[in-house]
Visitor: 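Quick one: the structure is below, questions incoming.
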Amino acid sequence: MDSASSNPSSDVKLVNGANGAVLEDVPHVTDWLPDLPTYANPLKHNPAYVAVKQYFVDEDAMVAKDIVVTLKTPGEGIHFRRAGPREQIYFKADEVRACIVTCGGLCPGLNTVIREIVCGLWTQYGVRDILGIEAGYKGFYSRNTRPLNPKVVNDIHKRGGTILGTSRGGSDINKIVSSIVDRGINQVYIIGGDGTQKGVNAIYEEIRKRGVKVAVAGIPKTIDNDIAVIDKSFGFDSAVEEAQRAIDAAHTEAESAENGVGLVKLMGRYTGYIAMYATLASRDVDCCLIPEVPFYLEGKGGLYSFVEKRLRENGHLVLVVAEGAGQELMAQSFKETGGLDASGNKLLMDVGQWLCSKLKDHFTEKKEIINLKYIDPTYMIRAIRSNASDNVYCTLLAHSAIHGAMAGYTGFTVGPVNNRHAYIPIHRVTEKQRHVNITDRMWARLLSSTNQPDFLKYDKVMDAKRKKEAASTPAESPPASIGTVGGEHTATPENGIPRGVGLSGVTENLG
Ligand SMILES: Nc1ncnc2c1ncn2[C@@H]1O[C@H](COP(=O)(O)OP(=O)(O)OP(=O)(O)O)[C@@H](O)[C@H]1O
Ligand SMILES: O=P(O)(O)OC[C@H]1O[C@](O)(CO)[C@@H](O)[C@@H]1O
Ligand SMILES: [Mg+2]
C-alpha cells in the first residue's frame with residue numbers, strides 16, 4: 001500500500017495499493033482513540049493453533065471483490081481486508097465484556113453462530129464475560145441480559161431458531177448505545193439481515209460519536225440470500241434442502257392424480273434465490289416464479305397456456321412460487337397492497353392462495369378438471385436446524401467476527417467474498433439488495449431445465465390489458481403502482497423491486 005486517503009463525502013476508508021488495487025477498509029477503534037495499547041494475541045500459545053503455519057493474517061492481506069480478471073487489468077479494483085486473527089490485538093481477555101444479539105427473521109444456523117462466538121471467545125481468547133441480549137435490538141433496553149458460557153451453549157447448534165429470541169422494529173439507537181455503555185459492554189456481536197446491518201452501522205456511528213472503546217461486529221443473516229457482496233448467507237443451503245421435501249411431496253401428489261398440479265410457495269420476499277435453487281436441485285419443477293421476473297396469466301406465453309400444455313403432455317405439473325412473486329399482478333386484482341411490518345418491511349399478499357384460486361377458476365371456466373394440491377412450507381424451511389455445511393460456515397463466520405473485534409476493527413460485517421472471509425464495510429451490504437440476475441447463466445440454466453415461459457412480454461401484455469380495461473370502464477387514472485407506459489417504467493412496482501432489477505442488479509458469483 002503506498003498511500004492512504006479517506007473519502008470525506010461518504011466516510012469510506014480507501015487505501016490505494018499497487019497495480020490499481022484499492023482496499024476498501026473498515027473502521028478501527030484507533031480511528032478515534034489513537035493511543036490505545038496493543039497486546040500479543042494469546043493464540044500464539046494456544047496448543048490447538050500453535051502448529052498452524054502462518055496462522056496470523058498479514059495486516060495488508062486483502063480479498064478481491066471480483067476475481068475474474070483480464071490479462072490487461074489483473075489486480076485492479078476493490079478489495080476488502082482479509083478476515084482472521086491478528087498478531088497484535090486491542091483487548092485483553094479480562095477487559096472484554098461481550099454481548100450477542102439476534103435480530104430479524106429466523107434462519108437455520110443462528111444458534112451455531114451464537115455457540116461459536118461464545119466458545120471462540122472463551123477458548124481462543126480467554127474471555128469469560130459474555131452476555132446474551134434477548135429479543136433482538138429492543139432487548140438492549142427492555143430486558144435483562146443472560147450470561148453465556150460454553151456449557152450453556154453446548155448443544156444449541158442442534159436446535160433451530162435462536163436461544164436469545166429475535167424481533168423486528170424497536171431499534172432506538174440512542175437507547176441501545178446507552179445500554180451498551182451503561183453495562184460496560186465493549187464488544188457487540190449483532191446477527192441479522194439487511195435491516196439489522198443498518199442498525200449495526202448506526203450503533204457503530206453513535207459509539208464513535210461518544211468516543212468509547214467498543215467494537216461492533218455484524219454477522220449477516222438472511223434466509224432469502226439477498227445480502228450483497230457475500231457469496232451466500234448462512235442457512236440458505238439448509239433451507240433449500242428442506243424445500244426439496246415440499247417439492248417432492250408436491251410432485252408425488254401431482255403425479256398420482258389425474259391432471260395433478262402441485263404448487264409450492266417458498267420464502268423470498270424480494271428475491272427468488274430459494275425458489276431458483278430449490279427448482280434447480282429438484283428437477284421435478286415445471287415452472288418457477290420469482291419476484292425478479294413478473295409473470296402474467298392470460299394469452300400467448302402466459303402461465304395458463306403453459307399449464308394447459310404441460311398437463312396435455314405429461315398429465316401433471318409442479319409449480320414453485322417465491323412469496324414475493326406476482327405482487328404487482330395481485331395488487332391490480334385487489335386494488336390494494338399489504339401494510340408494513342414493525343421494521344418497515346412490506347407485508348406481502350399471499351401469492352400461493354391467489355394462484356390456487358386463479359388456476360381453479362380458469363380450469364372451471366374451461367370445464368376441465370384439475371387436481372390442485374397447495375403446499376406452503378414457508379416457516380418450516382427456516383425454523384429447522386442448520387445442516388452440516390451451514391454449521392461449518394457459521395463457525396467460520398463467528399471466528400472471523402471475534403478475530404476482527406479483538407483486533408480492534410469495528411463497524412464491519414463479515415462474510416466470504418469469493419470463498420475467502422473478509423471484513424466488509426457495512427454500506428456495501430446495505431446500499432443494494434442482492435437479486436437473481438436474470439441475464440446470468442444460473443437463471444438460463446433454470447429456464448433450460450424447466451422450459452417454462454420467459455414472460456419477457458410482460459410489459460406489452462400488461463399494457464394491452466390496461467388499455468382494454470380502460471376502454472371498457474369510464475375514464476379513471478391508473479394506480480401509480482402499475483407504472484409502465486409504452487414499455488417505460490414510471491413508478492416502482494408493488495413488489496418494491498425496480499422492474500428489471502435482475503438485469504442490472506448485483507451480479508452472481510456463480511459462474
Ligand atoms: N435503517 C435502520 N436503522 C436501524 N435499525 C434498523 C434499520 N432498519 C431495520 N432496523 C432494525 O433491524 C432489525 C431487523 O430488521 P428487519 O426486521 O428488517 O430484519 P433483517 O435484519 O433485514 O432480517 P430479515 O429481513 O432477513 O429477516 C429490527 O429491529 C429493525 O428495527
Ligand atoms: O413473518 P416474519 O417472521 O416477519 O418473516 C417473514 C419474512 O422473513 C423472511 O424470512 C426474511 O427473514 C422473508 O423471507 C419473509 O418474507
Ligand atoms: Mg431484511
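Counting starts at 1 for both ligands and their atoms, following the listed order. Position 1 is the first residue of the sequence, and the numbers go up from there.
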Visitor: Which of the numbered atoms in ligand 1 are below 4.0 angstrom from a heavy atom of Arg269?
Guide: 25 (O)

Visitor: Less than 4.0 Å between a side-chain N and a carboxylate O, is that true for Arg210 and Glu206?
Guide: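 Yes, Glu206 and Arg210 are salt-bridged.
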
Visitor: Report yes or no: does a heavy atom of Lys221 sit under 4.0 Å from some atom of ligand 1?
Guide: yes

Visitor: For atom 3 (N) of ligand 1, which of Gly235, Gly170, Ala342, Gly199 has the closest heavy atom?
Guide: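 Comparing heavy atoms across Gly235, Gly170, Ala342, Gly199, the nearest one to atom 3 (N) of ligand 1 lies in Gly199.
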
Visitor: Which option, Ser171, Gly104, Cys107, Gly218, owns the non-hydrogen atom nearest atom 11 (C) of ligand 1?
Guide: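 Among Ser171, Gly104, Cys107, Gly218, the closest heavy atom to atom 11 (C) of ligand 1 belongs to Ser171.
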
Visitor: Which heavy atom of the protein is the closest neighbour of atom 30 (C) of ligand 1, given with residue, atom name and distance?
Guide: Ser343 OG, 3.4 Å

Visitor: Has Lys232 got its NZ or CZ under 6.0 Å from the middle of the six-membered ring of Tyr273, at an angle within 45 degrees of the ring axis?
Guide: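 The answer is no, since Lys232 fails at least one limit relative to Tyr273.
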
Visitor: If the cut-off is 4.0 Å to any non-hydrogen atom of Gly193, which atoms of ligand 1 fall inside it?
Guide: 20 (P), 21 (O), 22 (O), 23 (O)

Visitor: Touching ligand 1 at all, Gly136? Heavy atoms, strictly under 4.0 Å?
Guide: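 In this structure, Gly136 fails to qualify as a contact of ligand 1 - no heavy atom is under 4.0 Å.
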
Visitor: Hey, is Lys138 one of the residues with a heavy atom under 4.0 angstrom from ligand 1?
Guide: no

Visitor: Quick check against the 3.5 Å criterion: does Arg269 have a side-chain atom that pairs as donor or acceptor with the backbone of Asp224?
Guide: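 Not a single qualifying donor-acceptor pair exists.
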
Visitor: Does the cation-pi check pass for Arg428 over Phe80, that is, NZ or CZ under 6.0 Å from the six-membered ring centre and within 45° of its axis?
Guide: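 No, Arg428 does not lie over the aromatic ring of Phe80.
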
Visitor: Taking the minimum heavy-atom distance to atom 9 (C) of ligand 1, which of Gly192, Gly139, Ser167, Gly195 ranks first?
Guide: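 Considering heavy atoms of Gly192, Gly139, Ser167, Gly195, the nearest to atom 9 (C) of ligand 1 sits in Gly195.
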
Visitor: Any idea which of Thr196, Asp194, Ile190, Thr102 brings a heavy atom closest to atom 21 (O) of ligand 1?
Guide: Thr196

Visitor: Between Leu355 and Leu289, is any pair of side-chain heavy atoms under 4.5 Å apart?
Guide: yes

Visitor: Return yes if some donor-acceptor pair links the side-chain N/O of Ser179 with the main-chain N/O of Phe140 below 3.5 Å, else return no.
Guide: yes

Visitor: Verify the ring-centre separation between Phe236 and Tyr277: is it less than 6.0 angstrom?
Guide: yes

Visitor: I'd like the atom name of the N/O/S atom in Asp194 lying closest to the Mg ion (ligand 3).
Guide: OD1

Visitor: Do me a favour and list the nearest non-hydrogen protein atom to atom 29 (O) of ligand 1 with residue, atom name and distance?
Guide: Gly169 O, 2.8 Å

Visitor: By number and element, which atoms of ligand 1 are closer than 4.0 Å to a non-hydrogen atom of Thr222?
Guide: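 Counting from 1, the qualifying ligand atoms are 26 (O).
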
Visitor: Do other residues, nucleotides or ligands put more than 12 heavy atoms under 6.0 Å from Asp155 CG?
Guide: yes

Visitor: Check each atom of ligand 1 against the heavy atoms of Asn345 and keep those under 4.0 Å away; list them by number with element.
Guide: 16 (P), 17 (O), 18 (O)

Visitor: Atoms of ligand 1 less than 4.0 Å from Tyr137 heavy atoms?
Guide: 11 (C), 12 (O), 13 (C), 29 (O)

Visitor: Dump all N/O pairs between ligand 2 and the protein below 3.5 Å as a table: atom names plus distance, one pair per row.
Guide:
unit_1   : atom_1 : unit_2 : atom_2 : d
ligand 2 : 1 (O)  : Tyr379 : OH     : 2.5
ligand 2 : 3 (O)  : Arg382 : NH2    : 2.7
ligand 2 : 4 (O)  : Arg168 : NE     : 2.9
ligand 2 : 4 (O)  : Arg168 : NH2    : 3.4
ligand 2 : 5 (O)  : Arg168 : NH2    : 2.9
ligand 2 : 5 (O)  : Arg382 : NH1    : 3.2
ligand 2 : 8 (O)  : Arg168 : NH2    : 3.0
ligand 2 : 8 (O)  : Arg382 : NH1    : 3.1
ligand 2 : 10 (O) : Arg382 : NH1    : 2.8
ligand 2 : 14 (O) : Asp224 : OD1    : 2.7
ligand 2 : 14 (O) : Asp224 : OD2    : 3.1
ligand 2 : 14 (O) : Glu323 : OE2    : 2.8
ligand 2 : 16 (O) : Glu323 : OE1    : 3.3
ligand 2 : 16 (O) : Glu323 : OE2    : 2.6

Visitor: Could you check whether any side-chain N or O of Tyr423 sits under 3.5 Å from a backbone N or O of Gly84, counting only pairs where one atom can act as donor and the other as acceptor?
Guide: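 Judged by distance alone, yes, a pair lies under 3.5 Å.
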
